[in-house]
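Indexing begins at 1, ligand by ligand and atom by atom, following the structure's order.
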Amino acid sequence: MRTQHMKMDALTLRDRIARLDLSGIDFGAFRSQPVSPAGIRVLRYIHDVEFHTVCYLRDLLMTSAHKDPDITSFLTFWNFEEYWHGEAIARVLSAHGEKADTERVSAMRARLKVKDRISPLLHGVGSLVAGESWTALHMTWGAVNEWTTQAAYGRLIAAEHHPVLGDLLHRIMRQEGRHIDFYASEAGRRLESSTRAQKMTRLALRKFWKPVGAGVMPEPELAHLTRYLFADEDGRKVAARVDRHIDRLPGLSGLHLLEGSVDMYAAA
Ligand SMILES: [Fe+2]
Ligand SMILES: [Fe+2]
């Protein structure tokens, strides 16, 4: 089964890569029209996870993915764009008098314990054992996370009805769309050519997948994000749509990852 995502190679992305364009975004407007407290709590989560991209990159480079120059080029651009997403959200938080940027990121990294320290080791060993299938898994995992992130931004826009926030998040979503295209096309191609990769990826997603950020953010924060963005009827529809994207990847139909996660965290 073919995926329905456009082919996005690293060189195409290289020509489009850009620091997020903030021209015309009036951060001062948040003083007279602030984002709701529930929305700010979601933005704190997103801020920390966007800034964590470089640490996910650290783990990825421990794997066979680093042998593929197309992937390493993509990861370079991806990491750059995600950094500027973090910076943009930081400016929204700062406009609300919230801690942001280095101050929040340092505090978050200080929270991480041994699991974070051994993570590169586990990725390296996993990749040694699984070989190329591990890269297929990573590309799939990346696609799922990017789909989820984009869905979360879309839901936050709908929840807040804030013109400035909406404009900013739409700009971020456009870049996330290109990340999706790369990860999903790499995942589709790699899964299609290997039944072993399909089986391993399916098993790993089913057993270990959690929404992006779950490994580094406190569970009540993920539960809040899930409740605020995905627990109502529209939110569940969006979660189901992400699951349908995953269903279209070779060997991955019927996992219901997002819907399962909404059921689990929204009840937490
Ligand atoms: Fe991002
Ligand atoms: Fe992204």
Side-chain angles (χ1 to χ4, degrees), residues 3 5-10 12-22 25 35 39-40 42-61 65 70-93 100-101 104-105 108 137-157 160 165-188 209-217 221-222 225 229-230 238 241-242 245-246 249 257-258:
T3 54
H5 288 274
M6 70 171 283
K7 172 86 179 100
M8 170 68 72
D9 59 32
T12 310
L13 188 68
R14 186 183 67 185
D15 293 336
R16 296 187 188 181
I17 181 185
R19 172 176 167 169
L20 189 73
D21 174 19
L22 298 180
I25 300 283
V35 173
I40 287 291
V42 168
L43 285 171
R44 287 190 208 115
Y45 186 101
I46 293 176
H47 168 280
D48 293 359
V49 174
E50 291 280 14
F51 273 122
H52 203 65
T53 304
V54 67
C55 304
Y56 294 128
L57 177 63
R58 170 197 65 169
D59 293 352
L60 263 163
L61 290 176
D70 215 33
I71 293 183
T72 49
S73 299
F74 166 75
L75 294 175
T76 306
F77 311 141
W78 169 70
N79 186 53
F80 176 85
E81 289 192 336
E82 303 294 17
Y83 172 84
W84 289 106
H85 297 175
E87 282 293 326
I89 305 294
R91 287 192 61 183
V92 179
L93 290 177
D101 216 311
R104 269 198 74 85
V105 175
M108 182 224 186
L137 167 62
H138 262 297
M139 294 298 108
T140 309
W141 203 284
V144 176
N145 284 352
E146 294 285 343
W147 274 320
T148 312
T149 306
Q150 202 189 43
Y153 278 126
R155 292 297 300 144
L156 187 56
I157 291 169
E160 292 297 324
L165 186 73
D167 184 1
L168 177 66
L169 300 188
H170 273 126
R171 296 182 194 195
I172 295 179
M173 283 176 77
R174 269 198 293 279
Q175 292 192 328
E176 306 293 13
R178 298 204 284 266
H179 305 162
I180 288 171
D181 290 337
F182 181 86
Y183 276 122
S185 62
E186 279 293 320
W209 184 83
K210 285 181 179 172
V212 59
V216 290
M217 298 301 288
E221 299 315 300
L222 176 56
L225 183 151
L229 302 184
F230 294 104
V238 171
R241 198 181 308 146
V242 171
H245 285 308
I246 301 167
L249 288 171
L257 297 177
L258 252 289

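- Angle OE1(E82) to the Fe ion (ligand 1) to OE1(E50): 80° [nearest 10 degrees].
- For the residue pair T148 and N145, no side-chain donor N or O sits within less than 3.5 Å of a side-chain acceptor on the partner.
- Rounding to 10 degrees gives 90° for the angle at the Fe ion (ligand 2) between OE1 of E146 and OE1 of E176.
- The pair R171-D167 counts as a salt bridge, with a side-chain nitrogen and a carboxylate oxygen less than 4.0 angstrom apart.
- Of the possible polar contacts, one joining the Q150 side chain to the M173 backbone as a donor-acceptor pair under 3.5 Å is found.
- At a cut-off of 2.8 Å, H179 does not coordinate the Fe ion (ligand 1) through any N, O or S atom.
- Using a 4.5 Å cut-off on side-chain heavy atoms (C-beta onward), F80 and R19 make contact.
- Nearest to the Fe ion (ligand 1), among the N, O or S atoms that H85 has, is ND1.
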